[in-house]
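Atoms within a ligand are numbered from 1 in the order they appear, just like the ligands themselves.
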Amino acid sequence: MDGVNHDAGCAFHPASAPDFLPLEQLHALQLHRLKTIVQRAYDHVALFRSRMDERGFKPDQLRSLDDARHLPFTVKSDLRDTYPFGLFASPMHEVVRLHASSGTTGKPIVVAYTQEDIRVWSSVMVRSFAACGLDCGDIIQNAYGYGLFTGGLGAHYGAEALGATVIPISGGNTDRQIMIMQDFGVTAICCTPSYFLHMIERAAEMDIDLRKLPLKAGIFGAEPWTEGMRERIEPAAGIKAYDIYGLSEIIGPGVASECAEQAGPHIFEDHFMAEIIDPETLEVLPDGDEGELVLTTLSKWAMPMIRYRTRDITTLDPQPCKCGRTIKRIRRIGRRSDDMFIIRGVNVFPSQIEAALLKVEGTLPHYQIVLTRDKGLDNVEVQVEVTAEVFGDTVGGLEKLRKQLGVAIERVLGIRVLVTLVQPRTIQRSEGKAKRVIDKRKM
Ligand code: DLL
């Protein structure tokens, strides 16, 4: 023997996974970690120290998990204002990786990891994949973008740590993706749900039936998607479509993941403490109420995040899950508070429009929302692709469908929007996060 273990075997052991801890133990672990990380943030990050001092709340006053509500919030602009390294708690020689997330404007936000942070990240990705039924022996095609985006490398390290075979293909070159999926016997795909829709469409054009391939699971996240989208994806590809959630500021993908029940992502609470707040009053809301998800990293060493306001709107569900995991679930994240646009006084989220569109037969899950302003009045146009058969229908048939969609959307939003039916392949396809809203009012 050369002392090297060439056969590490499968990495996920449910018996020792914190997913199934009795709640008392989980809470004790959370409290212990919370105290440690808050002290670390206070000692090493000027912004956290000054915010806590302003509130007159010192780390040693944390006695219970409930006391977390006395801690200050952190918001995205805090990362921008301290760009690039101002929130790091570790010296640079301990930081082994940087990622960055491009904002819509200006500088990106930068996040940092120690060696141990990377290990924790991989471990939550192992738990995510395992919750989705993957194991060693699976062949995972990782089509999340590699690079500064956390999706690619986050899923990559997790898949390897699981003991699966990972194909680091990154996003793009869809024909090659499909060829490899077929030739390599891929069993699971990781990418955004919108990109996978594009793969389904391209495979059909290439005369490849995804349902006949060994592909059995999709690990989809990085953007909002609806149940309606899941109902379109699963039968078309013959797979189970799982929702994985995460954000760069907290760690990347692997903050939460669905299990076989597909009933909302489980948050890996031993590493990420979740609260729901009212975004207006900032009050903590009870489990089950809808509000903004606030996350505190419990073990992130290089860049701890204290009560980070994600802007993602959801609820927390503490009900026991049939899978046996004791950790809470979040409701699928359908919207971000900053995705919202206001039309004629009504708050509108793209996911509401998606849900309404996909209930109507004959539509394709490719749509775009265009906002315009005419003589001071805001208008919404929803462009949606329809199947080739529908598009070839009579003018009367098309008009009927257009009206039906208009009614379906009006029922949800309470306002009338202009619906335009477009041919398949009209709307631009994305290889990463889809851009659903084009706001021409500001252009
Ligand atoms: O998107 C990390 C990630 C990569 C998650 C791959 C899952 C899979 P960011 O680029 O920082 O990080 O974007 C984070 O994307 O605050 C949500 O608004 C949104 N998001 C992420 N996952 C989901 C999801 C990655 N499953 C932001 N459902 C988050 C809805 C999601 N929205």
From C190, G145, A222 - option closest to atom 20 (N) of ligand 1 by heavy atom: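 Comparing heavy atoms across C190, G145, A222, the nearest one to atom 20 (N) of ligand 1 lies in A222.
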
Which is closest to atom 14 (C) of ligand 1 in terms of heavy atoms, S101, C191, G246?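 Of the listed residues, G246 has the closest heavy atom.
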
Minimum-distance protein heavy atom relative to atom 31 (C) of ligand 1: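 The closest one turns out to be E223 N, 3.7 Å.
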
Looking only at protein heavy atoms, identify the closest one to atom 11 (O) of ligand 1 and say how far it is in Å.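 Here the nearest protein heavy atom works out to S248 OG, 2.5 Å.
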
Can you find a pair of side-chain heavy atoms, one from I327 and one from L26, that are under 4.5 Å apart?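 A side-chain contact under 4.5 Å exists here.
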
pair L87-M305: side-chain heavy atoms closer than 4.5 Å: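 Answer yes - side chains close enough.
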
Carboxylate-amine/guanidinium contact [X] [Y], below 4.0 Å:
{"X": "K216", "Y": "D138", "value": "yes"}
{"X": "D338", "Y": "K76", "value": "no"}
{"X": "R331", "Y": "D317", "value": "no"}

Below 4.0 angstrom from a heavy atom of [X], which ligand 1 atoms are there? Numbered from 1 as shown, please.
{"X": "K433", "answer": "1 (O), 9 (P), 10 (O), 13 (O), 15 (O), 25 (C)"}
{"X": "G151", "answer": "4 (C), 6 (C)"}
{"X": "R336", "answer": "16 (O), 18 (O), 29 (C)"}

Check: I244 N/O within less than 3.5 Å of ligand 1 N/O: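 By distance alone, the answer is yes.
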
Hey, is [X] touching ligand 1 through its side chain, its backbone, both or neither, going by heavy atoms under 4.0 Å?
{"X": "T150", "result": "side chain"}
{"X": "D312", "result": "side chain"}
{"X": "I333", "result": "both"}

Suppose we screen for salt bridge (Lys or Arg N to Asp or Glu O under 4.0 Å). Which residues come up paired with K212, at least two apart in sequence or across chains?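 For K212 the salt bridge (Lys or Arg N to Asp or Glu O under 4.0 Å) partners, ignoring immediate neighbours, are D209.
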
Is a side-chain donor-acceptor pair under 3.5 Å present for T363 with R232?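 Checked: R232/T363 side chains pair up, N/O donor to acceptor below 3.5 Å.
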
Who are the side-chain hydrogen bond (donor to acceptor under 3.5 Å, both in side chains) partners of Y113, not counting sequence neighbours?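 By the side-chain hydrogen bond (donor to acceptor under 3.5 Å, both in side chains) rule, Y113 matches no residue at all.
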
